[in-house]
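Below you'll find the structure, written out as structure tokens, and then a few comments.
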Amino acid sequence: MHIVFAASECAPWAKTGGLADVVSALPKTLVKMGHKVQVYLPYYRQVAKMVPTPPVVLPSVTVPFPYYNRFARILDGGVTDGVQMYFVDVPELFDRESFYATPSGDYPDNAERFGTLCRAILEASKIIGIPDVYHVHDWQTAMLAAMLRSIYYFDPVLRHVPSLLTIHNAGYQGWFPPRTIETLLMPWDMFTLDKLEQYDKLNFLKGGIVYADAITTVSRTYAQEIQTPEFGNGLEDVLKKRAGDLFGILNGADYSEWNPATDPHIAAHYTAKKLDGKKECRRDLLHAFRFENVSDNTAVLGLVSRFATQKGIDFITSIMDRLVQEDIVLVMLGNGEEYYERLLTEMAERYPDKVRVQVRFDNVVAHKIEAGADIFLMPSRYEPGGLNQIYSLKYGTIPVVRATGGLQDSIDERPDGGGTGFKFWGYDPEDFFDAIRRALTIFRDKKIWKAMMQRAMEEDFSWQKPAQEYVQVYERIVKNRT
Ligand code: ADP
């Protein structure tokens with residue numbers, strides 16, 4: 001099968017979160033299974049820094065707007081692990097400091113930026129190769145699915161091509177003023193509640209939900225959760241309507257990137273059978289955060305996260321005063337909302353012997369934390385799939401998670417340390433603190449803890465099984481359109 005991935009992120013070129021990891025790992029696995037995959041990604045400034053002079057595949061693809069045209073160049077990003085990358089180059093839209101926003105808010109022309117991306121991908125693929133399926137991701141490319149079934153309806157080469165939308169996070173939907181529909185040259189009769197309108201705004205994600213042939217989300221639990229008001233963010237009804245075409249497929253982990261036996265970013269390698277190297281990684285991590293003389297009995301707690309309310313960062317700040325009374329040190333890496341960046345920095349200043357934070361995006365430090373910490377914290381308010389807890393399992397870094405979405409599906413708590421981690425259910429920081437204390441109690445029993453680490457490390461969340469599930473969905477939507 002031939003699949004075109006249309007996405008706004010793909011590791012290592014452009015990444016802010018799990019979306020990038022999925023768009024990087026799933027195509028590789030599909031190629032190994034014998035499929036042909038092409039990934040289209042914006043040629044952001046950051047991508048241009050990594051690949052300064054890629055060959056030009058198509059010098060000019062026209063994307064019309066009401067009073068002008070934009071022109072996209074399609075660049076050859078090369079073939080990595082059998083996956084063909086294409087970059088969509090529209091300098092006035094993508095040659096910017098960030099992908100989506102500045103500290104003062106989203107780029108005001110995001111609808112035009114990602115609307116252009118969708119149309120350029122459709123036009124380019126008509127020349128380069130029409131796939132059997134377009135696989136679109138999150139709001140940024142969801143409108144490709146809506147365009148296919150509306151303004152491209154009569155296109156003889158596209159009208160039978162189905163699309164799959166994967167929702168990596170229903171909290172980000174791409175809301176734009178109603179007039180955007182005109183800007184994108186789409187008909188006003190699509191601006192109704194059963195199509196693209198949501199609370200008098202044009203909603204890109206909703207466009208994908210309504211028009212894609214099928215929808216997946218990144219865990220089974222989240223597929224259920226988003227059909228409720230608490231998690232659907234206003235889209236629960238439209239999602240419920242599509243329940244028959246909505247599937248939860250838990251994210252896999254790319255073990256060629258995240259494996260303590262081979263990871264080039266960590267101080268020493270280790271496996272479930274030979275754990276010694278983890279001690280070296282712990283020392284290296286403590287050194288990287290400038291901690292000295294931390295006893296082996298002290299639990300090293302780690303956090304790698306976007307600093308956002310979604311991630312339950314406020315749970316951490318609200319228990320901090322009591323957490324530091326325990327025999328722990330806490331190392332955190334992340335960036336995002338300025339409020340949390342400042343609050344966590346203040347806490348690190350208040351408890352310099354116990355708490356350290358690095359406010360930035362740093363892949364190497366993320367690997368060091370996964371390898372060097374004893375316990376990984378992930379108290380998300382909601383978590384569609386979540387990757388860090390799956391990485392943590394592989395590194396024998398026991399996760400403490402809130403039982404939601406992919407965290408619920410991937411972590412197993414049993415009494416007395418019999419599972420692979422610790423979970424809490426409530427929205428309450430107290431419940432989180434209790435779960436950490438349960439973890440610390442087991443941590444003190446070295447034998448049970450070691451068994452728990454080994455059990456966690458032996459869990460298999462590789463991409464093979466999820467990739468097969470995606471193929472089943474591709475096959476289903478191809479069949480339904482023929
Ligand atoms: P989300 O996509 O909601 O941010 P996930 O757990 O699905 O959350 O994926 C997060 C990914 O981003 C992981 O690969 C994680 O290691 C990485 N990550 C998040 N914040 C940082 C950071 N500050 N530095 C390096 N990597 C980060």
Side-chain angles (χ1 to χ4, degrees), residues 7-26 46 98-100 137-140 166-172 217-219 221-222 225-226 231 249-260 263 265-266 285 288-289 302-313 316 331-338 340-341 344-345 356-373 376-395 397 399 401-402 404-411 421 461 463 466:
S8 60
E9 295 186 27
C10 178
W13 292 280
K15 167 165 167 172
T16 68
L19 162 67
D21 290 348
V22 174
V23 174
S24 163
L26 174 58
Q46 192 178 313
S98 339
F99 305 141
Y100 311 124
H137 298 265
D138 278 348
W139 72 263
Q140 291 89 344
T166 295
I167 301 177
H168 299 261
N169 192 334
Y172 301 86
T217 66
V218 288
S219 69
T221 295
Y222 193 60
E225 286 174 339
I226 53 175
F231 296 93
I249 303 177
L250 185 66
N251 279 338
D254 185 349
Y255 290 137
S256 68
E257 290 287 323
W258 297 91
N259 182 350
D263 191 333
H265 305 303
I266 62 179
L285 171 66
F289 277 81
L303 173 102
V304 180
S305 180
R306 281 187 290 117
F307 289 164
T309 309
Q310 178 207 332
K311 298 292 180 183
I313 303 299
I316 294 179
V331 296
M332 297 180 286
L333 169 72
N335 58 2
E337 290 170 25
E338 212 183 320
Y340 290 120
E341 291 184 354
L344 289 173
T345 306
R356 300 277 157 91
V357 61
Q358 296 193 11
V359 178
R360 62 205 164 95
F361 195 95
D362 188 323
N363 187 41
V364 174
V365 179
H367 282 252
K368 283 183 190 290
I369 293 180
E370 288 292 3
F376 196 88
L377 304 182
M378 220 163 154
S380 307
R381 284 172 180 273
Y382 73 95
E383 191 57 74
L387 289 167
N388 278 311
Q389 84 281 13
I390 296 178
Y391 303 152
S392 299
L393 291 173
K394 192 72 188 167
Y395 285 78
T397 302
V401 304
R402 184 157 178 274
T404 179
L407 298 173
Q408 165 71 333
D409 294 355
S410 54
I411 305 302
F461 286 97
W463 267 102

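Order of appearance sets the numbers: ligands from 1, and atoms from 1 within every ligand.
Considering backbone and side-chain N/O atoms, K15 comes within less than 3.5 Å of an N/O atom of ligand 1. Of the N or O atoms in G18, one or more lie within a sub-3.5 Å distance of an N or O in ligand 1. Ligand 1 has an N or O atom lying under 3.5 Å from an N or O atom of K311, backbone or side chain. Residue N363 has no nitrogen or oxygen atom sitting less than 3.5 Å from a nitrogen or oxygen atom of ligand 1, judged on distance alone.
For atom 4 (O) of ligand 1, the choice among E370, R306, M332 with the nearest heavy atom turns out to be R306. Counting only non-hydrogen atoms, the option in L303, D21, L387 that gets closest to atom 14 (O) of ligand 1 is D21.
Using a non-hydrogen distance threshold of 4.0 Å, G334 registers as a contact of ligand 1. Within the structure, the closest approach of Q389 to ligand 1 does not fall below 4.0 Å when heavy atoms are considered.
Heavy atoms of S305 found under 4.0 angstrom from ligand 1 belong exclusively to the backbone.
Using a distance-only test at 3.5 Å, with no hydrogens or angles considered, no donor-acceptor pair links the side chain of T221 to the main chain of G406. Put simply, the side chain of N169 gets close to the backbone of G171: a donor and an acceptor are under 3.5 Å apart.
Contact check for W258 versus K394: no side-chain heavy atoms found under the 4.5 Å cut-off.
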Working for side chain to side chain donor-acceptor pair (under 3.5 Å), residues S410 and Q389: CA-CA 8 Å; S410 54; Q389 84 281 13; 3.1 Å; yes
